2 protein chains.
Amino acid sequence: MAANSRLTIAVHALTWMALSERRGRQVLTSDQVATSVRTNPVVIRRSLGDLRRAGLVTVRHGVGAGWSLARPPHEITLLDVYAAVEPEPLFALHHSEPNLECPVGRGIRPALGRFYGDAEQALRRQLAGASIADVLDETLETGHQ
Amino acid sequence: MAANSRLTIAVHALTWMALSERRGRQVLTSDQVATSVRTNPVVIRRSLGDLRRAGLVTVRHGVGAGWSLARPPHEITLLDVYAAVEPEPLFALHHSEPNLECPVGRGIRPALGRFYGDAEQALRRQLAGASIADVLDETLETGHQ
DNA sequence: CTTGCTGTAACAGAAGCTGTTACAGCAAGC
DNA sequence: GCTTGCTGTAACAGCTTCTGTTACAGCAAG
C-alpha cells in the first residue's frame, strides 16, 4: 500500500456515474457509489468533494440529494481527475536543505526541480489523452466476459 | 512530506560521486556523501545499497572502503535510478476488491491497470532521456552563480 | 591485529491514508 | 413549518511508510 489509491477511487466513482447517466439515472448518492467501490460513504464524499471543487461534478442537497457529472464523460480527462485529487508534486526534494558549501548541494535543487517538472509533464500529457468515457468503454469490454 | 524523496537522495549521491570522480577522487564514503546531502550516513548507505543491487555503483570494503560509480555518468539515466529506488507502481488500485455485481466494479481494475501502465510508461520514457551527467551539468550551471 | 568503513537490524517520531462514528446543515416535499 | 434523507466535515483509531538515529557484526587493507 505504498502508493495511494485516490485516483482509483475518484475514477471509479466518475465511471460509475457515467454509466448510471447513460442508463437514465442522473443523480447518485455517496451511499450508492460506495456500494460499487466497496468502501465507506464518507470516503466517497471526500473524493467527490475534491472533484466538486475542481468543477467536475455537481451536488444537490436536501431530499433527493446526490451527485451528477458536471460535463459529459468524454470531456473529463484523467488529467482533470489527477489534478483534482493529487495536489502534491510527484517527487519531493530534500527534507532539509543540502550543504550549500558543496557545489552539488548548491545547485541541485533547482536542477532537479526542472527534471522533475519535465517528467511530471510527460505523465500529465499521457493522462490528458484518456477520458472517463474511454475508461467506461474499456471497463465494460472487460466486464462483459 | 507526501511524496518521498528517495529519488532525490539517490540522484544527489550519484551526482556528487560524478563530480568527485571528475576531480580525481574515485572513492567516496557514505559519510562524505551524507555531508553534502545533509542527512545521516545510514540513509545514504540504504540508498546506495539499492543502487548497488541495480548495478549502478560498486562498493569496496575494508580500510579505504567506499563507493564508486559502476558506469560513466552519462550512461546512468534517471530511469535507471528511479527503477532502482522505486519498486512500487505509481498508482495503487483499490485496497479491497470492488463490488463484482456492478459492471463497473467487475471490469475497472484491468482497465485502470492499462491506463496506469501507459501513464507510467510516459514518465519512464521522459526519465530515460536524462542522465546523471546532465544533472551534474545543470547543477553546476545553477550553483556557479 | 588494528582500523575504518559497510551492511543491517531495531527503534522512535512524524505523517499520511483508509475506514469509521458522530453530528450539524441544507432543501425538497408533504 | 416539519419531516426526511442526504451532504459536509470534524475527530479518532489502526495501519503503514519514511526519515533519522543508535548499535553492532563483518570485512579487507596494511
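Residue numbers start from 1 in every chain, and the chains themselves are labelled A, B, ... in the order their sequence lines are given, proteins ahead of strands. Remember, it's a predicted structure, so these values are computed and weren't measured experimentally.
Across all strands shown, the partner of C:dG25 is D:dC6, judged by Watson-Crick or G-U wobble contacts whose two distances both fall under 3.5 Å. With a cut-off of 3.5 Å on both Watson-Crick or G-U wobble distances, the partner of C:dA10 is given as D:dT21. Across all strands shown, D:dG30 forms a Watson-Crick or G-U wobble pair, both distances under 3.5 Å, with C:dC1.
A donor-acceptor pair shorter than 3.5 Å cannot be found between the side chains of B:Arg38 and A:Ser96. Residues A:His12 and A:Ser36 have side chains that bring a donor and an acceptor to within less than 3.5 angstrom of each other.
Nucleotide C:dG7 holds its C1' atom 15 Å from the CG atom of B:Leu51, rounded to whole Å. We find that CG of A:Leu7 is positioned 15 Å from C1' of C:dC17, with the value rounded to whole Å. B:His95 has its NE2 atom 7 Å from the P atom of C:dG19, to the nearest Å. The distance from atom CD of B:Gln32 to atom C1' of C:dT6 is 14 Å, rounded to the nearest whole Å. Rounded to an integer number of Å, the gap from CG of A:Asn40 to C1' of D:dG8 is 14 Å. B:Leu28 has its CG atom 15 Å from the C1' atom of C:dG4, to the nearest Å. Rounding to whole angstrom units, CG of residue A:Asp31 and P of D:dG8 are separated by 14 Å. Computed from coordinates, the A:Leu48 CG to D:dT9 P distance equals 13 Å when rounded to whole Å.
Annotation: proximity of residues 54-70 of chain A to DNA chain C (heavy atom, distance under 4.0 Å) is found for A:His61, A:Gly62, A:Val63, numbered in ascending order.
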**OP:** Would you please test A:Trp67 and A:Thr29 for side-chain contact (heavy atoms from CB on, under 4.5 Å) and show each step?
**Re:** CA-CA 6 Å; A:Trp67 307 81; A:Thr29 68; 5.7 Å; no
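Applying the 4.0 Å criterion to OP1 and OP2 of C:dG7, one finds that B:Arg45 has every side-chain N and O outside that range. Phosphate proximity of D:dT19 to B:Ser5: present, with a side-chain N or O under 4.0 Å from OP1 or OP2.
Counting any heavy atom pair closer than 4.0 Å across all strands shown, B:Arg52 reaches sugar-phosphate atoms only and no base atom.
Here the straight-line distance linking atom CD1 of B:Ile76 with atom CE of B:Met17 works out to 8.0 Å at 0.5 Å rounding. Atom CZ of B:Arg25 sits about 10.0 Å away from atom CG of B:Leu19, to the nearest 0.5 Å.
Counting only heavy atoms from C-beta outward, the side chains of A:Ile108 and B:Thr15 approach each other to under 4.5 Å. The shortest distance between side-chain heavy atoms of B:Val57 and B:Leu14 falls below 4.5 Å.
Both B:Pro41 and A:Ser30 lie near DNA chain D, and the one whose nearest nucleotide falls closer to the 5' end is A:Ser30. Judged by closest nucleotide on DNA chain C, B:Arg46 is the one of B:Arg46 and A:Val43 placed further toward the 5' end.
Nearest to the side-chain atoms of A:Thr39 among the listed nucleotides D:dG20, C:dT18, C:dG19 stands C:dG19. With distances taken from any side-chain atom of B:Asn4 to the nucleotides D:dT19, C:dG19, D:dA10, the minimum falls on D:dT19.
For B:Arg38 against D:dG20, a side-chain-to-base donor-acceptor contact under 3.5 Å is absent.
Note: B:Tyr82 and A:Phe91 have perpendicular aromatic rings, judged against thresholds of 30 and 60 degrees for the angle between ring planes.
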